[in-house]
Amino acid sequence: MKTRYLVPHIVRDLKDKMVFIGGARQVGKTSLAKYIAENYFKSYDYLNWDSRDDRKKIIQSRFKGDAGIVLFDEIHKYKDWKNYLKGQFDKHKGDFNILVTGSARLDVYRRGGDSLMGRYYYYRLHPFSLAEFLEKENAIVPFKEIAFLESSKVTREALGVTLKFGGFPEPLLKQSEKELRRWHNQRVERLVKEDIRDMENIRNLSLLQILVDILPGKVGSLLSLNSLREDLSVAHKTVSNWVDVLERFYYHFRIYPFHHKKIKSLKKEPKLYMWDWSEVPDNSGARLENIVASHLLKMCHFLNDVDGYKTDLHFLRDTEGREVDFLITENGKPWLAIEVKSASKEISKNLTYFGNRLEIPFLYQVVSENGVDIRKDTVRILSLDRFLASLV
């Protein structure tokens, strides 16, 4: 099993505060927590709220006497979990460390009050990216140019594997098409029929399942809730709530157009991407665009969670219809823009236009063709494997 990219940062932060790890179902949160406990502590205690025996121990505050760290899994399902953790941390911070893992709801619930304020760090665990799969640790600093790695047979083959099997540990490491299909079916079924059913008040789960089947086909285009409402024959408020719920449970993520006084920005509709890009049909450029979106979001979250930068992922589109796939900002200021193309080495006019209007320091055009690294004016054209392998 490969060592996950967040390990050293979580170990460092545990010396100071509690650490929460949120993320999608089966992205490896519990495995990561146990890896840290087994490799950095002499003894640990693992307590899962879904286990009846563990639930009793949690309520009774009964832990192993020699535990150097206590792992709480799914404790957000306990109604008073925030006050409980606050009490345990304040009482035992000199006795043991606390590491908390849970579903996407952990992120939502933690915002609901300030009882834990100043007592924890929060990390969003992403699927394997190309860099993590290759075990590359790249230093990324906002407003400095990315140090791009050389393209090689290894990076190209690894890209082929990650593009096909996605970044979730189980199908990526097995690399079996049959197992990938089975994993897709089981993951989506458990997401809808277990996680969402248990945590959300949704009556018509069969229609929600249809929405889950529809969304991968919407990747890369503007997301119209009205169109989804018509497809499902439900109220606009209902489909809006369902899309929000699926996003909270890390099924998909949305990015929004960047607004600036120098451009007449599109103001409403976002673009949607899947956390598991292997669900996106691979007979178009949508999966290429999705894997880039996922890598860029992972980089933004890493810089935010680890280094405290205010990095955000957007896209660019104005009222004239000009569009660029991605823009990363730091503290609201444009840092780099990326346009994804299947093969074209002709510079995107829209990329140049927005680059000039917004004074974006770095402009990249990413192509699926191998071995490409060309500078044309202010734009650098790079092969996909080289670009992704150089990120987080």
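Basis for what follows: all heavy atoms, side chains included, without hydrogens, waters or symmetry-related copies.
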Can you tell me if [X] and [Y] form a side-chain donor-acceptor pair at under 3.5 Å?
X: Ser383; Y: Asp385; value: yes
X: Asp16; Y: Tyr121; value: yes
X: Thr3; Y: Tyr35; value: yes
X: Arg182; Y: Asn185; value: no
X: Tyr78; Y: Asp80; value: no

Task: Thr329 side, atom OG1; Leu336 side, atom CG - distance, nearest 0.5 Å - done: 9.5 Å
For [X] and [Y], work out which heavy atoms get closest and say how close.
X: Leu327; Y: Ala337; answer: CD1-CB, 4.2 Å
X: Leu303; Y: Ile140; answer: CD2-O, 3.5 Å
X: Cys300; Y: Leu313; answer: SG-N, 4.0 Å

Within the structure provided, determine whether [X] and [Y] are in side-chain contact (heavy-atom separation under 4.5 Å).
X: Thr311; Y: Glu330; value: yes
X: Leu358; Y: Leu316; value: yes
X: His295; Y: Phe387; value: no

TODO: Report whether Leu130 and Ile338 are members of the same hydrophobic cluster (ILVMFWY, side-chain heavy atoms less than 4.5 Å apart, transitive linking).
DONE: yes
Open item on the list: If you take the centroid of each ring, where Trp contributes its six-membered ring, are His126 and Tyr5 closer together than 6.0 Å?
Closed with: no
- [ ] Would you indicate whether Asn226, at its atom CG, is surrounded by more than 12 heavy atoms from other residues, nucleotides or ligands within a distance under 6.0 Å?
- [x] yes
Open item on the list: Does atom NZ (Lys17) have a neighbourhood of more than 12 heavy atoms from anything else shown, all under 6.0 Å?
Closed with: yes
Task: Residue from Ile10, Leu99, Val100 passing side chain to side chain contact (heavy atoms under 4.5 Å, CB included) with Phe20 - done: Val100
Tell me whether the guanidinium CZ or amine NZ of [X] lies under 6.0 angstrom from the six-membered ring centre of [Y] and within 45° of its axis.
X: Arg317; Y: Phe354; result: no
X: Lys64; Y: Phe96; result: no
X: Lys174; Y: Phe165; result: no

Open item on the list: Check this for me: does any side-chain nitrogen of one of Asp45 and Arg62 sit under 4.0 Å from a carboxylate oxygen of the other?
Closed with: no
For residues 87-94, dump all side-chain donor-acceptor pairs below 3.5 Å to protein atoms at least two apart in sequence or in another chain.
from, atom 1, to, atom 2, distance (Å)
Gln88, NE2, Ser61, OG, 2.8
Asp90, OD1, Arg119, NE, 3.0
Asp90, OD2, Arg119, NH2, 3.3
His92, ND1, Asp95, OD2, 3.0

Open item on the list: Run the side chain to side chain contact (heavy atoms under 4.5 Å, CB included) test against Lys333 and tell me which residues pass, sequence neighbours left out.
Closed with: Phe143
